[in-house]
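Step one of this worksheet: look at the structure below.
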Amino acid sequence: MTIFSTREIPEAGIRLLQDKGIKVVQWHEKRELTQQELIDNSKKVQGIILSGRIKADAEFLQECSHLKVISLFSAGFDNIDVAEATKLGIPIGHTPDVLSKATADTAFLLLLATSRKAFYHHRRIVNGDWDFFEPNANLGIDIHGKTLGIFGLGNIGFEMAKLCKNAYGMNIIYHNRSTNERAEKELGAQKVSFEELLSQSDVLSVHANLSAGVQGIFNADAFSAMKPTAIFINTARGQMHNEQDLKHALEKGIIWGAGLDVTNPEPMDKDNPLLYMPNVAVLPHIGSYVYETRDAMALLAAQNCIAGLKGEKLPKCVNPEVYNRG
Ligand code: DGY
């Protein structure tokens, strides 16, 4: 049995696969594969580990319907046509939970960086502009005791809420389809409507999975309904917010600041004005960029492959309905 990986992944995952007698072929080039290269490499193997920006669309899945497993090296699964994979009987694995803390840490980092204009002040030093002390210039916002609104309170949102509650005594509200009883019990979180989330949040942090229903939901209307002192944080997917509307809202003072670990498109153009605004902090999608998390992701991706190759249920499966097909 052989697995093709579209990226070099941490040794922990490779070793686990090899210990089970599975051969691993990794894509070593520092460029994205073309769709045809993905198809050609996938045709030679029984399973793949998919990472990077490449999409497993319907055409790819139909060409490679022999695959026993597609193991995503990510929690998000917006780069794959899940419905088509399910129709073709291909189980899709992913790596949720193990990256929740690291991703929440990134949201928290962006919250602090934005509220204190940290990236802007760093640029002042780099630009030789650390000169005259002005008591009123370029101040930040104190977030102690303020209200954190979470859009999509799953595991990552929970970790972000916990950090904000413990560090700053923040009041937690959230908007979800389902009630998060643990967050309500442990953090005193309160479920609210989308409109209430917009109007009451001092900090609004996005943690939902990307789906057609929420794509672009943070648009001009949403920003207008927020407080002029509000900070918008997105560590989920760049497609959740409309970038032009966000820029406009920041320029016009409709909202106060933004911290983004995700952009649309990625990578963000180096001349994008958002990178140079004082109240904005942008990172290049580094949510899970820590050794410990990456090792855990590699192990989970490998475990998903091992189960898939054996025809067993994946430990973390995006489309468990694949097992109910007649
Ligand atoms: C994830 O795991 O979904 C991260 O955002 C990386 O894509």
Side-chain angles (χ1 to χ4, degrees), residues 53 55 76 78-79 103 106-120 123 138 140-141 143 146-154 156-157 160 164 173-177 192-287:
R53 282 188 209 103
K55 293 205 180 312
D78 45 293
N79 60 339
T103 307
T106 306
F108 193 69
L109 166 71
L110 284 169
L111 165 53
L112 286 183
T114 307
S115 68
R116 299 300 298 271
K117 302 186 180 175
F119 290 17
Y120 166 73
R123 273 199 306 276
N138 299 310
I141 285 186
I143 54 173
K146 299 268 172 81
T147 294
L148 169 72
I150 301 271
F151 182 74
L153 185 52
I156 301 174
M160 171 64 169
C164 292
I173 58 175
Y174 71 100
H175 179 70
N176 247 18
R177 261 185 313 224
V192 295
S193 66
F194 185 55
E195 290 68 30
E196 287 167 326
L197 188 86
L198 294 172
S199 63
Q200 293 176 20
S201 298
D202 294 304
V203 177
L204 198 160
S205 193
V206 182
H207 298 284
N209 279 325
L210 180 64
S211 65
V214 293
Q215 186 151 347
I217 189 163
F218 291 96
N219 56 16
D221 289 344
F223 294 126
S224 314
M226 288 169 69
K227 297 183 184 182
T229 48
I231 294 174
F232 175 76
I233 305 287
N234 189 358
T235 53
R237 286 291 181 268
Q239 291 92 329
M240 294 278 195
H241 64 258
N242 178 305
E243 193 179 288
Q244 289 312 321
D245 292 355
L246 176 61
K247 247 181 250 171
H248 179 80
L250 289 161
E251 275 161 3
K252 300 288 172 207
I254 294 166
I255 65 169
W256 190 84
L260 308 174
D261 187 42
V262 288
T263 62
N264 183 23
E266 290 182 7
M268 179 181 258
D269 190 285
K270 69 176 177 46
D271 297 322
N272 191 311
L274 282 172
L275 292 170
Y276 306 97
M277 290 185 182
N279 299 351
V280 178
V282 187
L283 291 171
H285 204 146
I286 62 157

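Owing to the predicted nature of the structure, the values given are computational and were not obtained by experimental measurement.
The minimum heavy-atom distance between Pro228 and Gly253, with the atom names listed, is CB-O, 3.8 Å. Closest approach of Lys227 to Ser199, counting heavy atoms only: CE-O, 3.5 Å. Shown here for Ile141 and Trp256, the closest heavy-atom pair between the two residues is CD1-CD2, 3.4 Å. Between Ala107 and Ser205 the shortest heavy-atom distance is CB-OG, 4.2 Å. Among all heavy-atom pairs drawn from Ile254 and Phe223, the shortest one is CG2-O, 3.4 Å. Here the closest heavy-atom approach between residue Asp261 and residue Glu266 is recorded as O-OE2, 4.3 Å.
Rounding to the nearest 0.5 Å places NZ of Lys270 at 6.5 Å from OH of Tyr276. Summarising the geometry, atom CE belonging to Met277 is positioned 8.0 Å from atom CG belonging to Asn272; distances are rounded to the nearest 0.5 Å. Rounding to the nearest 0.5 angstrom, the gap separating the CE atom in Met226 from the OG atom in Ser201 is 6.5 Å. Between atom SG of residue Cys164 and atom CG of residue Asp202 there is a gap of 11.5 Å, rounded to the nearest 0.5 Å. Distance CG/Leu246 to NE2/His241: 5.5 Å, rounded to 0.5 Å. Here the CG atom belonging to Leu274 is positioned 6.5 Å from the CG atom belonging to Leu250, to the nearest 0.5 angstrom.
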- request: Could you walk me through whether Leu110 and Leu260 pass side-chain contact (heavy atoms from CB on, under 4.5 Å), step by step?
  value: CA-CA 7 Å; Leu110 284 169; Leu260 308 174; 5.6 Å; no

query: What do the steps show when you test Ile233 against Val203 for side-chain contact (heavy atoms from CB on, under 4.5 Å), and what is the final call?
result: CA-CA 7 Å; Ile233 305 287; Val203 177; 4.1 Å; yes

message: Run the side-chain contact (heavy atoms from CB on, under 4.5 Å) test on Leu204 and Leu197 for me, step by step, so that the C-alpha distance in whole Å, both residues' side-chain angles and the decisive distance to 0.1 Å come before the verdict.
response: CA-CA 8 Å; Leu204 198 160; Leu197 188 86; 4.0 Å; yes

message: Applying side-chain contact (heavy atoms from CB on, under 4.5 Å) to Asn79 and Arg53, what does each step give before you reach the verdict?
response: CA-CA 7 Å; Asn79 60 339; Arg53 282 188 209 103; over 6 Å; no

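Looking at heavy atoms from C-beta onward, Tyr120 lies out of side-chain contact with Val280 at the 4.5 angstrom threshold. Within the 4.5 Å cutoff, the side chain of Ser115 has no heavy atoms near those of the Lys146 side chain. Considering only heavy atoms from C-beta on, Tyr174 stays 4.5 Å or farther from Phe151 through its side chain. Within the 4.5 Å cutoff, side-chain heavy atoms of Met268 are placed close to those of Val282. The closest side-chain heavy-atom distance from Ile286 to Thr106 is below 4.5 Å. In this structure the side chain of Leu112 reaches within 4.5 angstrom of the side chain of Ile143, judged on heavy atoms. Looking at His207 and Ile150, their side chains come closer than 4.5 Å, going by heavy atoms from C-beta outward.
Between the side chain of Glu196 and the backbone N or O of Ser193, at least one donor-acceptor pair lies under 3.5 Å. The backbone N or O of Val192 lies less than 3.5 Å from a partner atom in the side chain of His175, making a donor-acceptor pair. Without hydrogens or angle criteria, Asn234 side chain to Arg237 main chain gives a donor-acceptor distance under 3.5 Å. The closest donor-acceptor contact from the side chain of Asp245 to the backbone of Asn219 lies at 3.5 Å or more, if one exists at all.
Between Phe218 and Phe232, the two ring planes are tilted [angle within 30° to 60°].
Paired with Met160 under the rule side chain to side chain contact (heavy atoms under 4.5 Å, CB included), one option of Leu153, Thr103, Thr235, Leu111 passes, and it is Leu111.
Glu243 has a carboxylate O that lies under 4.0 Å from a charged side-chain N of Lys247, or vice versa, which qualifies the two as a salt bridge.
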